[in-house]
Novice: 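After the C-alpha cells below, expect a handful of questions from me.
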Amino acid sequence: MIPTDDRVLRTETTLGAEVHLAARAAEILRNNDMGAWTKAAPDLYPHQWSWDSAFIAIGLSRLDTRRAARELLTLFEHQWKNGKVPHIVFNPEAPPESYFPGAEHWACAAASPDAPNSPPYTSCLCQPPVHAIAALRILESAADEGERAEASAFLREIYPKLFGWHRYLATARDPEGSGLVTIYHPWESGTDNSPRWDEAMATVEVGDLSPYPRRDLGHVDDPAERPTDADYDRYLWLVRLIKGAACDDGAIYKSHPFLMKDVLFSAILVAANEALLEIARVVGAPDWDRELIAGWARRSREGLDACWDADLRLYLDYDVRIGRPIRSRTIAGFAPLISGGLTEERLGELLLTFDSPDSTGNAMLRRPLPPSTSPGEKRFHPRSYWRGPVWPVMGWLLWWSLERAGKSERASKIRQASLDQIAEGGFAEYFEPFTGEPLGSPDQSWSAAVVLDWLLVDPARVEAQAA
Ligand code: 2M8
C-alpha cells in the first residue's frame with residue numbers, strides 16, 4: 001500500500017525509530033490475536049474486553065481494514081438483547097485459573113432474558129462506548145477504493161447494533177433523562193480503583209463472600225500496582241447484587257448501593273454519538289434515527305455542563321444515591337474535552353488545570369502527560385493502577401480530543417511524550433508518572449494499538465519490518 005502524504009513521516013532521522021516502534025506494536029497485536037478478536041493482554045487479561053477492543057480496532061485499522069472490522073463485529077456478536085455491549089466476552093479456551101472472576105462467575109448472568117446465547121459467556125456489565133468512534137475511524141483510515149468499500153459495508157452491518165447500544169445507554173442507563181450515564185460498578189468506568197469511587201465504595205457493606213483467588217496479583221511484580229483486597233471484596237459484592245437483581249436495570253436502579261453518573265463515560269458517549277451521526281449519514285439511515293442521535297448528544301452536553309466545578313476547575317461525577325457531586329481530582333475531570341463543544345472561556349479554564357501542577361505541568365513528572373489521578377489529590381498513588389499512573393490509552397483520547405478542539409500544539413506534545421515513554425519503557429499497561437517505570441501488564445494490546453494510530457506509517461513497511 002502506498003502511503004498518502006500524511007502517512008509519510010516527517011524526517012529521515014525519526015523514521016527508522018518510528019518504523020521500528022510501529023513494527024513492535026504490530027507484533028504485539030499479532031501475538032495477542034485470537035483470530036477474530038484480540039486478548040487485552042497476553043496473560044493478565046486473556047479475554048475480549050469491550051473498550052479495549054474498540055481501541056484495538058483503531059490500531060488495526062492502520063494495518064488491515066477487514067481485521068479491524070472483524071474485531072468489533074466479534075464483540076457485537078455478544079451484544080445483549082437490550083442493546084448492552086458486555087464488558088468482557090470470555091474466551092472458552094482460556095484455562096479457568098487464568099483470570100478471576102472468570103466465565104463461571106458470570107454464568108448465571110446468562111439466565112437474564114436479555115443475555116445473548118452462551119457459551120461463550122459474557123459479563124453483565126458494560127464499559128465506555130468508544131466503539132462508534134472506532135468504527136468510523138476504520139472508514140477514515142481506509143487507504144484506497146477497495147478498503148473504503150469494505151469499510152462502508154462494515155458500517156452498514158454494524159450501524160444498527162451501534163444504534164441499539166447507544167439507545168440502551170440513553171434510556172436504561174439514564175432514566176432521569178439527565179444526559180449522563182449511570183454506572184453500577186467501578187469496572188464499568190474502566191478506571192476501576194480511581195479515587196472517584198472511594199467514598200461510594202466505602203459505604204458498600206460486603207456480606208458473606210466465599211474465599212476467592214487474586215489471580216491478577218500473579219501477573220504483576222508488586223501488589224501495590226493492583227486494587228486492594230478490600231476493593232476486590234466490594235467489586236465482587238456489587239457483582240453479586242447485580243446478579244441478584246437478574247441484571248435488570250429497573251431492579252438495579254431501585255436498590256443498588258453504587259449508582260454513579262460518570263462524566264468520562266458520558267463524554268465518550270457524546271463523541272461516539274457524533275461518530276454515529278456520521279455513520280448514519282454514510283449508511284443512509286432514516287432522518288428520525290439521526291434526530292434521535294443528535295438529541296442524545298445535545299442532552300449529554302447539557303448534562304455535562306452542569307457537572308463543572310468552578311472551584312476545582314474540573315468536571316465532577318455525581319453520586320445518584322446521595323445526590324451530590326464527587327469532589328476528586330482525576331483525569332476524568334477533563335472529560336468534556338472529549339465531548340467537545342465547550343465555549344472558549346470554559347475550554348481555557350479547563351486547560352489551565354490541564355497545564356497546572358495538578359496535571360501535566362507538575363515539575364516532578366518524567367514527561368508532561370496527565371496522570372490518571374492528580375498529584376495534588378491526597379489519595380494519589382504513583383504506582384497504583386488508576387490512582388496515579390499514566391495510561392497511554394488516555395493519552396490517545398486526550399490527544400484526539402485536543403486535535404478536535406483545535407489545540408494542535410498541546411495535542412502533539414501528548415503524542416510525542418507518549419511515544420517517547422513507550423519507546424523507553426515498552427508497551428506497558430501504565431507507567432509510573434515520576435520515573436516512567438513501566439507497570440501492570442507488559443505488551444498490553446491497547447497500548448500497541450494507539451502507537452500504531454499515532455505513527456500513521458505505511459502498513460507495508462511495518463509488516464516488512466515485523467516479518
Ligand atoms: C482493567 O479492568 C479489569 C476488569 O474489567 C481488571 O482489572 O481485571 C481496567 O483497566 C479496564 O479499563 C480494562 O478494560 C481492562 C482490560 O485492559 O483491565
Side-chain angles (χ1 to χ4, degrees), residues 28-29 32 34 37-59 71 75 85-91 94 97-103 105-106 109 121-131 134 183-194 196-197 201 212-220 223-229 231-236 238-239 242 262 264-265 268 330-332 372-373 383-397 427-431 439-450:
I28 288 170
L29 289 185
N32 295 341
M34 301 299 288
W37 60 276
T38 309
K39 286 190 282 188
D43 301 310
L44 181 55
Y45 306 118
H47 307 291
Q48 184 174 25
W49 261 262
S50 168
W51 75 326
D52 296 59
S53 265
F55 287 109
I56 290 164
I58 289 172
E71 185 75 23
L75 178 69
V85 176
H87 105 287
I88 307 177
V89 179
F90 291 96
N91 169 14
E97 64 283 2
S98 57
Y99 180 81
F100 181 84
H105 197 85
W106 299 92
Y121 292 103
T122 75
S123 86
C124 59
L125 304 177
C126 60
Q127 276 187 325
V130 184
H131 315 89
I183 59 163
Y184 306 149
H185 196 293
W187 284 339
E188 295 203 308
S189 71
T191 65
D192 307 0
N193 73 340
S194 170
R196 303 162 77 189
W197 317 127
M201 287 300 266
Y212 59 89
R214 285 292 306 275
R215 305 218 186 275
D216 57 319
L217 297 182
H219 298 294
V220 289
E225 292 171 35
R226 295 283 307 171
T228 63
D229 286 348
D231 290 332
Y232 256 77
D233 284 353
R234 293 190 165 94
Y235 294 157
L236 294 175
L238 289 179
V239 170
I242 293 167
D262 177 336
L264 179 59
F265 198 124
I268 290 174
T330 73
I331 199 166
S372 45
T373 292
R383 301 180 71 79
S384 177
Y385 208 35
W386 290 96
R387 298 178 86 80
V390 167
W391 287 70
V393 73
M394 284 291 132
W396 187 93
L397 260 183
F427 291 82
E429 190 181 3
Y430 45 91
F431 293 84
L439 299 173
S441 172
D443 293 356
Q444 180 85 7
S445 295
W446 65 11
S447 303
V450 298

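Computed from a prediction, not measured in an experiment: that's the story for all the values here. Atoms within a ligand are numbered from 1 in the order they appear, just like the ligands themselves.
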Novice: With a 4.0 Å cut-off, would you call D262 and R196 a salt bridge?
Specialist: yes
Novice: Considering the heavy atoms of W51, write down every atom of ligand 1 situated less than 4.0 Å from one of them.
Specialist: 11 (C), 12 (O), 13 (C), 14 (O)
Novice: Give yes if a backbone or side-chain nitrogen or oxygen of T191 is under 3.5 Å from a nitrogen or oxygen of ligand 1, and no if not.
Specialist: no
Novice: If the test is ring-ring contact (aromatic ring centres under 6.0 Å, His included), which one of F90, Y99, W446 qualifies with W49?
Specialist: Y99
Novice: List every atom of ligand 1 that sits less than 4.0 Å from any heavy atom of Y99, numbering the atoms from 1 in the order shown and giving each element.
Specialist: 3 (C), 4 (C), 6 (C), 8 (O)
Novice: Passes side chain to side chain donor-acceptor pair (under 3.5 Å), Y45 versus E429? Steps please.
Specialist: CA-CA 11 Å; Y45 306 118; E429 190 181 3; 2.6 Å; yes
Novice: Please could you name the atoms of ligand 1 that W446 approaches to less than 4.0 Å, counting only its heavy atoms?
Specialist: 12 (O), 13 (C), 14 (O)
Novice: Below the 3.5 angstrom mark, is there an N/O of G190, backbone or side chain, next to an N/O of ligand 1?
Specialist: yes
Novice: Please check this pair: side chain of Q48 against backbone of E71, looking for a donor-acceptor N/O pair closer than 3.5 Å.
Specialist: yes
Novice: Examine ligand 1 and decide if any of its atoms is less than 4.0 Å from a heavy atom belonging to D52.
Specialist: yes
Novice: Which of the atoms in ligand 1, numbered in the order shown and given with their element, are less than 4.0 Å from a heavy-atom of H87?
Specialist: 5 (O)
Novice: At less than 4.0 angstrom from any non-hydrogen atom of W386, what atoms of ligand 1 do you find?
Specialist: 9 (C), 10 (O)
Novice: May I ask you to decide if M201's main-chain N or O and R234's side chain share a donor-acceptor pair within less than 3.5 Å?
Specialist: yes
Novice: Looking at the rings of W106 and Y121, which for Trp means the six-membered one, are their centres under 6.0 Å apart?
Specialist: no
Novice: Counting from 1, what ligand 1 atoms have a heavy atom of Q444 closer than 4.0 Å?
Specialist: 17 (O)
Novice: Quiz question: by atom type and distance under 3.5 Å, do the side chains of D43 and S441 form a donor-acceptor pair?
Specialist: no
Novice: Would you say ligand 1 has an N or O under 3.5 Å from any N or O of R226?
Specialist: yes
Novice: Do R214 and F100 form a cation-pi contact, if we require the NZ or CZ to be under 6.0 Å from the six-membered ring centre and within 45 degrees of the ring's axis?
Specialist: no
Novice: Which residue from W49, Y385, W187, Y235 reaches closest to atom 1 (C) of ligand 1 through any of its heavy atoms?
Specialist: Y385
Novice: Please could you name the atoms of ligand 1 that Q127 approaches to less than 4.0 Å, counting only its heavy atoms?
Specialist: 11 (C), 12 (O), 13 (C), 14 (O)
Novice: Between S189 (side chain) and F265 (backbone), is there a donor-acceptor pair under 3.5 Å?
Specialist: no
Novice: Based purely on interatomic distance, does D192 place a nitrogen or oxygen under 3.5 Å from a nitrogen or oxygen of ligand 1?
Specialist: yes
Novice: Run the numbers for me: atoms of ligand 1, each under 4.0 Å from some heavy atom of W391, listed by number.
Specialist: 10 (O)
